[in-house]
Amino acid sequence: MAGILFSDEDLLCPQCTEIYHLPVLLKCGHSICRVCLQKFWELKGCRECPVCRTVSVPGRPPINLALKIAADHQQVQKTSGNQDLCGLHNEKLKLFCHNDQEPICLVCQTTKQHRVHECCPVEEAADQKKKEISTMLGSLKKKLRTLIKTKVDWEETKNYIQSQAHQNEEAIKETFEKLRLFLQEEENSRLKVLNEEKEIKTQVMGEKLENITDQIKSLSSTVRDIEAYLRAKDLPFLKEYKQMKKRAKCVIREPECIRDILITSANHLGLLGFGIWKKMADIVTCVPITLDPNTAQSNLMFSKELTSVQYSRKQILPDNPERCTNRVCALGATGFTSGKHSWTVEVGQGKEWCIGVVQESIKRKSTVFLNPAEGFWVIALCNGDSIWAQTSPRTKLVLKQKPERITVQLDYDKGKVVFINAADLTTMHTFKDRFKERVFPYFSPGLNEDGKNSTPLTICPLTVTVDVK
C-alpha cells in the first residue's frame with residue numbers, strides 16, 4: 001500500500017476539487033472526502049456516488065488509507081511554504097481560538113469544532129498572550145535571582161567549611177602537641193575523623209552547588225528562549241504558545257535549607273582533653289557540657305576546647321539555620337530530652353550576662369522576649385547590680401551577695417530549672433514548667449565596654465578522679 005504512486009490529479013477530490021481530507025472508499029471504487037460525501041448525501045437524500053451515481057451499501061465507508069497518506073503528505077508540502085494559511089481550508093489564519101489556544105481561519109470558526117468557542121483577532125490575542133508570558137517571565141527571573149543569591153551564599157558556606165576545618169585542625173594539633181609524642185596516634189585518629197567529615201560535607205556542598213548551577217543554567221536557558229520567543233511575530237508566537245507556556249510554567253523548587261552542614265566542631269574540639277584523660281588524667285579537665293560555635297552570634301569568641309565564650313570583634317560567619325542572630329548568645333552542644341543535668345558557670349565580675357536553658361525551637365533570627373512563653377528559662381544580670389529572673393513580667397532576685405559562680409540544675413522530667421549560688425549553695429530562683437521538646441544550655445556574655453573585652457562566661461570543670469565509672 002505504501003508503494004502506490006499517485007499523480008497530483010489523483011489527490012484531488014472529485015467533489016470539492018481540493019486535496020483529499022479523510023478520503024473514504026465507496027463500493028464503486030471512487031474516493032471522496034468524507035465531509036464532501038456526507039454533505040452530498042444529505043443534499044441528495046440518498047447514498048449515491050457523486051461520480052458514477054452508484055448507490056452505496058449501508059454503513060460507514062472505510063477510509064482509503066493509501067490515498068489519505070499520499071494526500072496528507074501533499075497537503076504538508078503545500079502548506080509548509082506558507083504557515084500563515086489554515087492547513088484544513090487553505091485560508092489565512094486571522095483568528096485565535098481561546099478554548100483550543102491555537103490560530104484558526106474564518107472557515108474554521110464556522111465549523112462544529114470552533115462554532116461555540118471564544119475567538120478573537122490574532123493581533124489582539126498575541127498582545128494578550130505576550131503580556132501573560134511576560135508576567136510569567138518576571139516570576140522566572142525573580143526565582144533565577146533567588147537561585148543565584150543562594151548559590152553565592154552556598155559558595156561562601158563551602159569556603160567557610162574549609163576555613164572552619166582548618167581552624168579545628170590547628171586547635172587539635174596544638175592540643176596534641178602539648179600531650180607529647182605518645183599521643184600521636186590519638187591525634188591522627190581525630191584528624192582522620194575531622195578530614196572525613198570535611199570531605200563529606202565539602203562534597204555535599206559541592207553537589208548542592210553543582211545541582212543549583214544546573215538549575216540556573218536550565219532556567220537561564222528557558223528565560224533566554226522565552227525572551228527570544230516574545231520577540232517573534234504574532235503567528236509564530238502563537239503557534240509555539242502552548243509549548244512556551246508549558247515551559248514558562250515549569251516548577252522551580254525553592255532552594256532547600258541545608259541544615260547541619262557545617263563542621264561539627266563540638267565533636268572534634270569539645271572535651272578533647274577529656275577524651276585522652278585516661279592517659280593524662282593529671283593535666284586535663286572535664287566539663288559537663290561544651291559550647292556549640294555553629295549556634296553563636298558573630299561577635300562571640302570561644303576558648304580552644306569550647307568551654308568559655310566572650311564578646312569580641314565581629315566575624316564573617318555563614319547564616320546557617322542553627323546560628324542565633326537575634327541576640328549575642330550561643331547554645332550548648334548537647335541538648336536534653338530527659339533526666340537530671342547540672343553545670344556551673346563562672347560569670348566573674350561582668351556587668352551583663354544571661355544564662356539558663358532554652359528549647360530547641362526558639363526563634364533564632366528574630367527578636368523575642370526572654371521568658372518561658374518563648375522557650376527561655378534564664379536569669380540575667382543587668383547594669384552590673386541587679387539580677388532578674390526572666391519571667392513574664394520579670395522578677396528581681398533578692399540576694400545577699402553578687403554571685404561569681406552559678407550552678408544550673410535541670411530536671412527535665414519534673415520540669416524544673418534551678419539556679420544556685422555556688423559560693424553558699426543558696427537557691428537564687430526556680431522555674432517550674434513542662435518541657436515538650438529538646439532543651440539546650442544558654443549563654444549570653446556581656447558586651448564590650450570602653451574598648452575592653454567583656455568578662456567571659458566559663459563552664460567550670462568537674463572534679464575528676466581516676467575511679468570514674
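Excluded from the calculations below are hydrogen atoms, water molecules and symmetry mates; all remaining heavy atoms, backbone and side chain alike, are included.
Other residues, nucleotides and ligands contribute over 12 non-hydrogen atoms within 6.0 Å of the NZ atom of K402. Shown here is R247, whose CZ atom has more than 12 heavy atoms of other residues, nucleotides or ligands within 6.0 Å. Under a cut-off of 6.0 angstrom, the local environment of NZ in K143 is crowded, with over 12 non-hydrogen atoms contributed by other residues, nucleotides or ligands. In H98, the NE2 atom is crowded: over 12 heavy atoms of neighbouring residues, nucleotides or ligands sit closer than 6.0 Å. Within 6.0 Å of NZ in K233 there are 12 or fewer heavy atoms belonging to other residues, nucleotides or ligands. Annotation: K245, atom NZ; neighbour count of heavy atoms from other residues, nucleotides and ligands within 6.0 Å is above 12.
For the pair M428 and I420, the tightest heavy-atom approach, listed with the atom from each and the gap, is SD-C, 4.0 Å. Residues Y412 and T337 approach most closely at CE2-O, 2.9 Å, considering heavy atoms. Closest approach of R327 and V368 over heavy atoms only: NH2-O, 2.7 Å. The shortest heavy-atom contact between A171 and L269 is CB-CD2, 3.9 Å. In terms of heavy-atom proximity, A232 sits nearest to K130 at O-NZ, 3.4 Å. Nearest heavy atom pair, residue F302 against residue A330, reads CZ-CB, 3.9 Å.
At least one donor-acceptor pair under 3.5 Å links the side chain of N326 to the backbone N or O of K363. Remark: side-chain polar atoms of D413 are not paired, donor with acceptor, to backbone N or O of S338 under 3.5 angstrom. In this structure a side-chain-to-backbone donor-acceptor pair under 3.5 Å is missing from R364 to P321. Distance alone, capped at 3.5 Å, places no donor-acceptor pair between the N383 side chain and the D385 backbone. Within the 3.5 Å criterion, the main-chain N or O of N299 finds a donor-acceptor partner in the side chain of Q297. Between the side chain of E123 and the backbone N or O of K94 there is no donor-acceptor pair closer than 3.5 Å.
For the side chain to side chain contact (heavy atoms under 4.5 Å, CB included) test, residues two or more places apart in sequence or in another chain that qualify with P288 are W343, I459, L462.
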Exercise for the section: Output, in order, the C-alpha distance, side-chain angles, deciding distance and verdict of salt bridge (Lys or Arg N to Asp or Glu O under 4.0 Å) for R231 and E227. Expected result: CA-CA 7 Å; R231 293 192 294 269; E227 288 176 334; 5.2 Å; no

Practice task
Carefully, step by step, assess V417 and V378 under the rule side-chain contact (heavy atoms from CB on, under 4.5 Å).
Solution key: CA-CA 9 Å; V417 182; V378 297; over 6 Å; no

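For the side chain to side chain donor-acceptor pair (under 3.5 Å) test with Q203, the passing option among K201, E199, E207 is E207; the others fail.
Between K304 and L272 the shortest side-chain heavy-atom distance does not fall below 4.5 Å. I261 places none of its side-chain heavy atoms less than 4.5 Å from the side chain of K208. Annotation: side chain of W353 is in contact with side chain of I379 (closest heavy-atom distance under 4.5 Å). A 4.5 Å side-chain heavy-atom check between Q113 and D100 finds at least one atom pair inside the cut-off. Side-chain atoms of V347 and T455, non-hydrogen and from C-beta on, never get closer than 4.5 Å to each other. Using a 4.5 Å heavy-atom cutoff, the side chains of E374 and I362 are not in contact. The closest side-chain heavy-atom distance from K249 to M136 is below 4.5 Å.
Classified by interplanar angle (parallel below 30°, tilted 30° to 60°, perpendicular above 60°), the ring pair Y229/F237 is parallel. The aromatic rings of F336 and H341 lie parallel to each other, their planes meeting at an angle below 30°, with 60° marking the opposite boundary.
In this structure, E169 pairs ionically with K173, as a charged nitrogen and a carboxylate oxygen lie closer than 4.0 Å. In summary, K129 and E132 engage in a salt bridge, as defined by a charged side-chain N under 4.0 Å from a carboxylate O.
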